[in-house]
**Student:** 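Take a look at this one; I'll ask things after.
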Amino acid sequence: MLNLRTLRTADAAFESDFQRVLHWSAETDAAIESRVAEIIADVRQRGDAAVLAFTARFDGLQTASMAELELTRDELRAAFEGLPEAQSRALTQAAERVRRYHERQKQACGESWSYRDEDGTLLGQKVTPLDRVGIYVPGGKAAYPSSVLMNAIPAQVAGVPEIIMVVPTPRGEKNPLVLAAAYVAGVHRAFTVGGAQAVAALAYGTDTVPRVDKITGPGNAYVASAKKHVFGQVGIDMIAGPSEILVLADGSTPPDWVAMDLFSQAEHDEMAQSILLCPDADYIAQVRASIERLLPGMPRRDVIRASLEGRGALIHTRSMEEACEISNRIAPEHLEVSSQEPHRWEPLLRHAGAIFLGAFTSESLGDYCAGPNHVLPTSGTARFSSPLGVYDFQKRSSLIEVSEAGAQVLGPIAATLAYGEGLQAHAQAAEFRLKR
């Protein structure tokens, strides 16, 4: 029997029970922080030699030089060409949908613009891509070719000239789908290194690994800690927590579908979170029955069980409106609106990494091939953060060209404010340009 908690918003103890469900500490273990700091310092000082040593220690890869850890473009292409036809076709189709979505995103928000005032002053914004980015792709327990597509393609669409991929390959086991995805997504250089040492190599550069301007992509606790350590030297996308799904259901979707959607995040790891919000008590009981029946047949059932019992919940709400408000409090990474009228409820939903509308829109489609990015804010950060996108690989420079006439208008304003701040040089720099 699965020990999956059921909560009712009408109960007096709901608020305290609800807070216990949501609780998750983002604090990194002190031992991890200390070890990561040592790794980063060593890579920063010794470069390639330190990366080789840590790769041998943590991944079991004994190599004489970094050249042996770099994947050539020919090797990536060979991996793609060696895939079964069904896999190569699915990879290509997914990449095309992801690329098409991000090209539209670039048109909407990533173009330069300017205008002129009545006096001829030009004001605007210049959008330019980052020069070089690093993408971290997890390896080890699982391999994620979809992460390659979701990190590399928006960088490519943004116009980044050089995309560097790092991926751990424990014991030298290279996943052909990951290599093929790097080929399809246009990765320029790839190295079979991972962990904090890979993040440090990207952040500071070595004789072999070029220094990047930004690092994106998920990883384990060591990778997350390393990204925090190097932030400021380089940009990062986010510090990702455990994966999350929230299903907001009106009781019209087959309960097996919802049960499997809850499994889809729970199978990631024991700290993942799966929550169902629904105003129909009978339907919640049906979903629970589906969970009990389907769980024994799942290959990762032990992980799913630990996740559901540790952080999962079935929450009976008074109404769909209340369910929407609780969803906003949670601000989930993935939010499924499993309803006959998803567009009725969507306007009430303010905080979510991605919103999946309707019973046929499983979260897994968004993970792989729908088009929008699957790198999403977790742990409630959807309240103030956005999915990874083209804008993460661009920067904006303000354009200002003041005409002579404009200087006569702006100069006195600037001088008055500058004198008020006690900055006389600022004021006189503006006044020098005024007509006497």
**Student:** Does a side chain donor of either Ser362 or Ser364 reach within less than 3.5 Å of an acceptor in the other side chain?
**Tutor:**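 Yes, a side-chain donor-acceptor pair sits under 3.5 Å.
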
**Student:** Are Leu52 and Thr63 close enough that some pair of their side-chain heavy atoms sits under 4.5 Å apart?
**Tutor:**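 Yes, at least one pair of side-chain atoms sits under 4.5 Å.
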
**Student:** Would you check if there is a donor-acceptor pair between the side chains of His188 and Glu162 at a distance under 3.5 Å?
**Tutor:**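 Distance-only check fails for Glu162 and His188.
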
**Student:** Rounded to the nearest 0.5 Å, what's the gap from CD1 on Ile153 to CD1 on Ile163? Could you check?
**Tutor:**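 The distance works out to 9.0 Å.
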
**Student:** State whether the number of non-hydrogen atoms from other residues, nucleotides or ligands found under 6.0 Å of Arg433 atom CZ is greater than 12.
**Tutor:**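 Not more than 12 within 6.0 Å, no.
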
**Student:** If you measure only the distance, is there a donor-acceptor pair under 3.5 Å linking the side chains of Glu333 and Ser243?
**Tutor:**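 Side-chain D/A pair, Glu333 to Ser243: present.
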
**Student:** By side-chain contact (heavy atoms from CB on, under 4.5 Å), which residues pair with Ser114, not counting sequence neighbours?
**Tutor:**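 By the side-chain contact (heavy atoms from CB on, under 4.5 Å) rule, Ser114 matches Leu122.
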
**Student:** Rounded to the nearest 0.5 Å, what separates atom OG in Ser338 from atom CZ in Phe356?
**Tutor:**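 If we round to the nearest 0.5 Å, Ser338:OG and Phe356:CZ are 12.5 Å apart.
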
**Student:** Are Ile291 and Phe263 packed together at the side-chain level, in the sense that at least one heavy-atom pair is separated by less than 4.5 angstrom?
**Tutor:**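 Side chain of Ile291 against side chain of Phe263, heavy atoms only: contact under 4.5 Å found.
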
**Student:** At their closest point, which heavy atom of Asp117 faces which heavy atom of Tyr115, and how far apart are they?
**Tutor:**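 Here Asp117 and Tyr115 meet closest at OD1-CE1, 3.6 Å.
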
**Student:** For Thr121, does its backbone N or O pair with a side-chain atom of Arg116 as donor and acceptor, under 3.5 Å?
**Tutor:**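 Pair absent, no side-chain N/O of Arg116 close to backbone of Thr121.
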
**Student:** Do Ile304 and Leu295 come within less than 4.5 Å of each other through their side chains, counting heavy atoms only?
**Tutor:**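 Result yes, sub-4.5 Å side-chain heavy-atom pair found.
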
**Student:** So do Asn175 and Leu179 actually touch side chain to side chain, heavy atoms under 4.5 Å?
**Tutor:**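 Leu179 vs Asn175: side chains apart.
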
**Student:** Are a donor atom and an acceptor atom from the side chains of Ser339 and Asp250 found within less than 3.5 Å of each other?
**Tutor:**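 On atom types as modelled, these side chains qualify, holding a pair under 3.5 Å.
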
**Student:** Do Leu130 and Gln394 have side-chain heavy atoms sitting under 4.5 Å apart?
**Tutor:**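 A side-chain contact is absent here, since even the closest heavy-atom pair is not under 4.5 Å.
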
**Student:** Might you confirm whether atom OH of Tyr204 has over 12 heavy atoms from other residues, nucleotides or ligands at distances under 6.0 Å?
**Tutor:**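 It does: Tyr204 OH has more than 12 such atoms within range.
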
**Student:** Checking Val148 against Val184 for the side chain to side chain contact (heavy atoms under 4.5 Å, CB included) test, could you report, in this order, the C-alpha distance in whole Å, the side-chain angles of both residues, the deciding distance, and whether it holds?
**Tutor:** CA-CA 9 Å; Val148 181; Val184 170; over 6 Å; no

**Student:** Just by distance, no angles: are the side chains of Glu363 and Gln265 close enough, under 3.5 Å, to form a donor-acceptor pair?
**Tutor:**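 Side chains of Glu363 and Gln265: pair found under 3.5 Å.
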
**Student:** Please check this pair: side chain of Arg301 against backbone of Met298, looking for a donor-acceptor N/O pair closer than 3.5 Å.
**Tutor:**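 Yes; judged by distance alone, with no hydrogens or angles, the pair exists.
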
**Student:** Between Asp74 and Thr72, do the side chains contain an N or O donor and an N or O acceptor separated by less than 3.5 Å?
**Tutor:**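 Checked: Asp74/Thr72 side chains show no N/O donor-acceptor pair below 3.5 Å.
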
**Student:** Got a donor-acceptor contact below 3.5 angstrom from the Arg132 side chain to the Arg211 backbone?
**Tutor:**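 Present.
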
**Student:** Looking at Glu309 and Arg305, is there a salt bridge between them, counting it only when a charged N and a carboxylate O are closer than 4.0 Å?
**Tutor:**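 So Arg305 pairs with Glu309 through a salt bridge.
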
**Student:** Are Ile315 and Leu276 close enough that some pair of their side-chain heavy atoms sits under 4.5 Å apart?
**Tutor:**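 No, side chains not in contact.
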
**Student:** Return yes if a side-chain donor-acceptor contact under 3.5 Å exists between Glu33 and His229, otherwise no.
**Tutor:**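 A pair is found: one side chain offers a donor N or O, the other an acceptor, under 3.5 Å apart.
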
**Student:** Measuring from Leu248:CG to Leu277:CG, what's the distance to the nearest 0.5 Å?
**Tutor:**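 Reported to 0.5 Å precision, the distance equals 5.5 Å.
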
**Student:** Under 4.5 Å between any side-chain heavy atoms of Leu7 and Leu314, yes or no?
**Tutor:**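 No, their side chains stay 4.5 Å or more apart.
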
**Student:** Does Glu111 pair with Lys106 as a salt bridge, N-O distance under 4.0 Å?
**Tutor:**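 Between Lys106 and Glu111 there is no salt bridge, as every charged N stays at least 4.0 Å from the carboxylate O atoms.
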
**Student:** Of all heavy-atom pairs between Ala323 and Thr317, which one has the smallest distance, and what is that distance?
**Tutor:**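 Result for this residue pair: CB-OG1, 3.8 Å.
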
**Student:** Could you grab the distance from atom CD1 of Ile236 to atom CE of Met238, nearest 0.5 Å is fine?
**Tutor:**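 Going from CD1 on Ile236 over to CE on Met238, the span is 9.5 Å.
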
**Student:** Could you grab the distance from atom NZ of Lys227 to atom CD1 of Ile215, nearest 0.5 Å is fine?
**Tutor:**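 Reported to 0.5 Å precision, the distance equals 8.0 Å.
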
**Student:** To check you understand the geometry: which heavy-atom pair defines the closest contact between Gly353 and Ala382, and what is its length?
**Tutor:**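 That would be N-CB, 3.7 Å.
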
**Student:** Measure across Val234 and Val212 and return the closest heavy-atom pair with its distance rounded to 0.1 Å.
**Tutor:**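 Result for this residue pair: CG1-O, 3.2 Å.
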
**Student:** Taking the side chain from Ser225 and the backbone from Ala221, do they hold a donor-acceptor pair closer than 3.5 Å?
**Tutor:**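 No: the side chain of Ser225 does not pair with the backbone of Ala221.
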
**Student:** Show your working on side chain to side chain contact (heavy atoms under 4.5 Å, CB included) between Asn151 and Val137 and close with a plain yes or no.
**Tutor:** CA-CA 9 Å; Asn151 283 271; Val137 179; over 6 Å; no

**Student:** Write down the atom of Leu357, the atom of His343, and the distance for their closest heavy-atom approach.
**Tutor:**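 Heavy atoms of Leu357 and His343 come nearest at CD1-CE1, 3.7 Å.
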
**Student:** Side chain to side chain contact (heavy atoms under 4.5 Å, CB included) for Leu246 and His334? Distances and angles first, verdict last.
**Tutor:** CA-CA 6 Å; Leu246 175 65; His334 308 97; over 6 Å; no

**Student:** Is there side-chain contact between Phe191 and Leu71, with heavy atoms separated by less than 4.5 Å?
**Tutor:**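 No; the side chains remain at least 4.5 Å from each other.
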
**Student:** Donor-acceptor check, side chain of Arg383 to backbone of Gly380, threshold 3.5 angstrom: yes or no?
**Tutor:**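 Yes.
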
**Student:** Given 3.5 Å as the limit, does a donor-acceptor pair link the side chain of Asp392 with the main chain of Gly389, or not?
**Tutor:**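 Between the backbone of Gly389 and the side chain of Asp392 there is a qualifying donor-acceptor contact (under 3.5 Å).
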
**Student:** Using a strict 4.0 Å threshold on nitrogen-to-oxygen distance, state whether Arg293 and Asp256 make a salt bridge.
**Tutor:**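 Looking at Asp256 together with Arg293, the answer is yes, because their closest N to O distance falls below 4.0 Å.
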
**Student:** Decide yes or no on side chain to side chain contact (heavy atoms under 4.5 Å, CB included) for His351 and Phe384, but give the supporting numbers first.
**Tutor:** CA-CA 8 Å; His351 308 307; Phe384 52 82; over 6 Å; no

**Student:** Within a radius of less than 6.0 Å around CD of Glu321, do more than 12 heavy atoms belonging to other residues, nucleotides or ligands occur?
**Tutor:**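 Count over threshold, so yes.
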
**Student:** Is the number of heavy atoms from other residues, nucleotides or ligands under 6.0 Å of Gln19 CD greater than 12?
**Tutor:**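 Count over threshold, so yes.
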
**Student:** Any side-chain to backbone donor/acceptor pair from Arg300 onto Glu267? Under 3.5 Å, distance only.
**Tutor:**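 Yes, the answer is positive, given that a donor and an acceptor are paired below the 3.5 Å cut-off.
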
**Student:** If every non-hydrogen atom of Ala354 is compared with every non-hydrogen atom of Leu376, which pair is closest and at what distance?
**Tutor:**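 Looking at all heavy atoms of both residues, the closest pair is CB-CD1, 3.8 Å.
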
**Student:** Can a donor-acceptor pair be found, under 3.5 Å and without considering hydrogens, that links the side chain of Gln125 to the backbone of Ser112?
**Tutor:**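 Checking the backbone N and O of Ser112 against the side chain of Gln125, no donor-acceptor pair under 3.5 Å is found.
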
**Student:** Would you call Arg35-Glu38 a salt bridge at under 4.0 Å N-O?
**Tutor:**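 Yes, this pair counts.
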
**Student:** With a 3.5 Å distance limit and no angle check, can you tell me whether Ser403 reaches the backbone of Asp119 through a side-chain donor-acceptor pair?
**Tutor:**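 Checking the backbone N and O of Asp119 against the side chain of Ser403, a donor-acceptor pair under 3.5 Å is found.
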
**Student:** May I ask you to check whether Thr192 and Lys174 show a side-chain donor-acceptor distance below 3.5 Å?
**Tutor:**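 Short answer, no.
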
**Student:** Which residues pass the ring pair (Phe, Tyr, Trp, His ring centres under 6.0 Å) test with Trp345, sequence neighbours left out?
**Tutor:**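 Testing Trp345 for ring pair (Phe, Tyr, Trp, His ring centres under 6.0 Å), a comparison that skips the adjacent residues, returns none.
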
**Student:** Give, for atom CZ of Arg311 and atom CZ of Arg5, the distance between the pair rounded to the nearest 0.5 Å.
**Tutor:**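 It is 9.5 Å, given to the nearest 0.5 Å.
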
**Student:** Please answer whether the main-chain N or O of Ser88 pairs with a side-chain N or O of Thr92 as donor and acceptor at a distance below 3.5 Å.
**Tutor:**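 At least one qualifying donor-acceptor pair exists.
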
**Student:** Side chains of Glu270 and Ser307 only: does a donor on one sit below 3.5 Å from an acceptor on the other?
**Tutor:**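 Short answer, no.
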
